[in-house]
Enquirer: 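Pasting a structure below so you can have a look.
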Amino acid sequence: MTCKDAEKMIPLFLEDGLDTDDLRKFMEHVDKCEGCKEELTIQFLVSEGMARLESGNVFDLQNELKYCMEEAGHTLKLRESMHWLLYAIQGLIVIAAITLIVLLNVLF
């Protein structure tokens, strides 16, 4: 992923709008690229800071961004685990279907 691609994804990331594949690529890139990490920080501070100022809420945006990144990492791990679980279930269904076909052929 290029920095340009990552920078285009920042608004989607902040809105929790990236699919699993894009989220993985984005997280890996931002983790390694200081420039994109800085751009993410700036966009987060601007968007969240303005919203918080308008509502009058007190905030600690640096820690909130850190929390946001940690949550995205947890979300990514959960999504990937769910994909593997679905693959396992599909495999079990195929095995059950084959077993049923074999049993039906033996009985009839």
Side-chain angles (χ1 to χ4, degrees):
M1 168 176 291
T2 66
C3 291
K4 193 171 197 168
D5 293 333
E7 288 175 7
K8 287 179 184 177
M9 291 180 162
I10 291 173
L12 288 171
F13 171 78
L14 294 175
E15 296 169 3
D16 195 26
L18 294 176
D19 64 28
T20 303
D21 228 16
D22 287 339
L23 180 59
R24 180 183 321 103
K25 291 174 188 173
F26 178 81
M27 295 288 292
E28 287 172 354
H29 181 85
V30 170
D31 190 43
K32 296 174 186 171
C33 179
E34 288 301 317
C36 288
K37 190 180 295 185
E38 183 176 339
E39 183 62 29
L40 171 62
T41 301
I42 291 167
Q43 288 191 36
F44 179 79
L45 292 174
V46 169
S47 65
E48 283 297 311
M50 292 302 292
R52 298 294 175 84
L53 285 173
E54 289 174 3
S55 67
N57 291 336
V58 177
F59 50 88
D60 179 2
L61 292 177
Q62 288 290 15
N63 281 330
E64 288 184 35
L65 176 58
K66 181 180 174 188
Y67 176 76
C68 181
M69 293 295 290
E70 289 171 355
E71 284 299 306
H74 294 303
T75 298
L76 180 59
K77 287 179 185 176
L78 179 63
R79 287 182 187 177
E80 289 175 338
S81 296
M82 294 302 288
H83 282 277
W84 285 111
L85 180 62
L86 286 174
Y87 292 140
I89 290 171
Q90 289 172 345
L92 290 173
I93 290 171
V94 168
I95 291 170
I98 292 170
T99 304
L100 182 61
I101 290 169
V102 169
L103 286 175
L104 288 174
N105 285 333
V106 169
L107 293 175
F108 297 107

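When reading the values below, keep in mind they use all heavy atoms of this one structure, side chains included, and skip hydrogens, waters and symmetry mates.
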Enquirer: Any chance you could measure Leu65, atom CG, to Glu70, atom CD, to the nearest 0.5 Å?
Expert: 10.0 Å

Enquirer: So, taking the atom named CD in Glu28 and the one named CG in Leu23, what distance separates them when rounded to the nearest 0.5 Å?
Expert: 9.5 Å

Enquirer: For His83 and Tyr87, take the angle between the two ring planes, folded into 0 to 90°, and tell me which bin it lands in: parallel under 30, tilted 30 to 60, perpendicular over 60.
Expert: tilted

Enquirer: Rounded to the nearest 0.5 Å, what's the gap from OG on Ser81 to CG on Leu76? Could you check?
Expert: 9.0 Å

Enquirer: Please report the shortest heavy-atom distance between Leu18 and Arg79, naming the atom on each side.
Expert: O-NH1, 2.8 Å

Enquirer: Distance-only criterion, 3.5 Å: show the donor-acceptor pairs between side-chain atoms of residues 2-17 and protein atoms not counting sequence neighbours.
Expert:
residue: Thr2; atom: OG1; partner: Asp5; partner atom: N; Å: 3.1
residue: Thr2; atom: OG1; partner: Asp5; partner atom: OD2; Å: 3.0

Enquirer: Side-chain polar contacts of residues 92-108 - donor-acceptor pairs under 3.5 angstrom, sequence neighbours left out - could you list them?
Expert:
residue: Thr99; atom: OG1; partner: Ile95; partner atom: O; Å: 2.8
residue: Asn105; atom: ND2; partner: Ile101; partner atom: O; Å: 3.4

Enquirer: Atom NZ of Lys77 and atom OG1 of Thr20: how far apart are they, to the nearest 0.5 Å?
Expert: 14.5 Å

Enquirer: Please tabulate, one pair per line, all N/O donor-acceptor pairs under 3.5 Å involving side-chain atoms of residues 29-41, not counting sequence neighbours.
Expert:
residue: His29; atom: ND1; partner: Met1; partner atom: O; Å: 3.3
residue: Glu39; atom: OE2; partner: Gln43; partner atom: NE2; Å: 2.9
residue: Thr41; atom: OG1; partner: Lys37; partner atom: O; Å: 2.9

